[in-house]
Amino acid sequence: MSAKLLIGLDGAASGSRALSYGKRMATLIGDCEILVAYVIEWSPYSFQTAEENAQRHKRREEELKLANERVVNPAVKALQGEGFKASGIVRHGHVAEVLNDLAVEKGAEQIIVGRSSEGGFAKRLFGSATSNLVMHASVPVTVIG
C-alpha cells in the first residue's frame, strides 16, 4: 500500500514551494502518491434569483476548468514526467475544510501547504486558511515558508 501526500496549490510561489517539498518527501518515502489540490473559495450560501443562480453555476464551471488548465494539470503532468504517481483535483469551498475533507476522503497521511504572505501580521505568519487548517486538520499538516 502506497503512502499519499496531499499538496495544496494556490497558483503562486508558496504553492510551488509546497510542491517542491512534497516531491522531496515522496522521494524519501518511496512508494508514495501525490495528490495536488486547488481550492476555489466559494460560499454555497447566497440568496439570488434563478437567473443569478444559473450565471453563478456557469461561472463556477468556468473557474473549475481554468484552475485545472492553469494550475492542477500542469503540476500533475510535471510530477508524472518526473516519475511520480500523481493526480489532481479542483474543488470549490473553504480552503481548510476542503483540504481536510480531501485528506480524509483520499486517505492522505499528510497535508502540505505553503504559507501565505499577504495581509496583516497574523496572515503573514500563516494565512487565515492555513492557520485554520493547522488547528482543525485530521492529519498532520506541514506548512512551507
From Val95, Val90, Ile89, residue fulfilling side-chain contact (heavy atoms from CB on, under 4.5 Å) relative to Tyr38: Val90
Derivation and outcome, side-chain contact (heavy atoms from CB on, under 4.5 Å), residues Gln110 and Leu5: CA-CA 5 Å; Gln110 183 176 23; Leu5 299 176; 3.8 Å; yes
Taking every non-hydrogen atom, the tightest pair across Val98 and Gly93: CG2-CA, 3.8 Å
Exercise: identify the closest heavy-atom pair between Ala67 and Ile40: CB-CD1, 4.1 Å
Heavy-atom closest contact (Gly114 atom, Ala18 atom, distance): N-CB, 3.7 Å
Closest approach of Ala108 to Val139 (non-hydrogen atoms, all atoms of both residues): O-CG1, 3.4 Å
Pair Thr130-Val141, side-chain contact (heavy atoms from CB on, under 4.5 Å): steps then yes or no: CA-CA 9 Å; Thr130 305; Val141 177; 5.7 Å; no
CG-OG distance between Leu79 and Ser87, expressed to the nearest 0.5 angstrom: 9.5 Å
Same apolar cluster: Leu28 and Leu19, side chain cutoff 4.5 Å: yes
Arg60, CZ atom: more than 12 neighbouring heavy atoms under 6.0 Å: yes
Donor-acceptor contact present, side-chain Asp10 to main-chain Gly15, <3.5 Å: yes
Minimum-distance pair of heavy atoms, taken over all atoms of Ala86 and Gln80: O-NE2, 2.9 Å
Lys4 side chain vs Lys106 backbone, donor-acceptor pair below 3.5 Å: yes
Heavy-atom donor-acceptor pair, Asn100 side chain to Ala96 backbone, under 3.5 Å: no
Between CD1 on residue Ile112 and CD1 on residue Ile144, distance to nearest 0.5 Å: 6.5 Å
Nearest-0.5 Å distance that lies between atom CD in Glu97 and atom CG in Leu102: 11.0 Å
Inter-residue atom distance Lys65.NZ - Arg70.CZ, 0.5 Å rounding: 10.0 Å
Spatial distance of atom CE (Met25) from atom CD (Glu109) [nearest 0.5 Å]: 11.5 Å
From CG (Leu6) to CD1 (Ile111), nearest 0.5 Å: 5.5 Å
Derivation of the side-chain contact (heavy atoms from CB on, under 4.5 Å) call for Thr27 and Phe84: CA-CA 9 Å; Thr27 301; Phe84 292 100; 3.5 Å; yes
Heavy-atom closest pair, residues Val72 and Gly88: CG1-CA, 3.5 Å
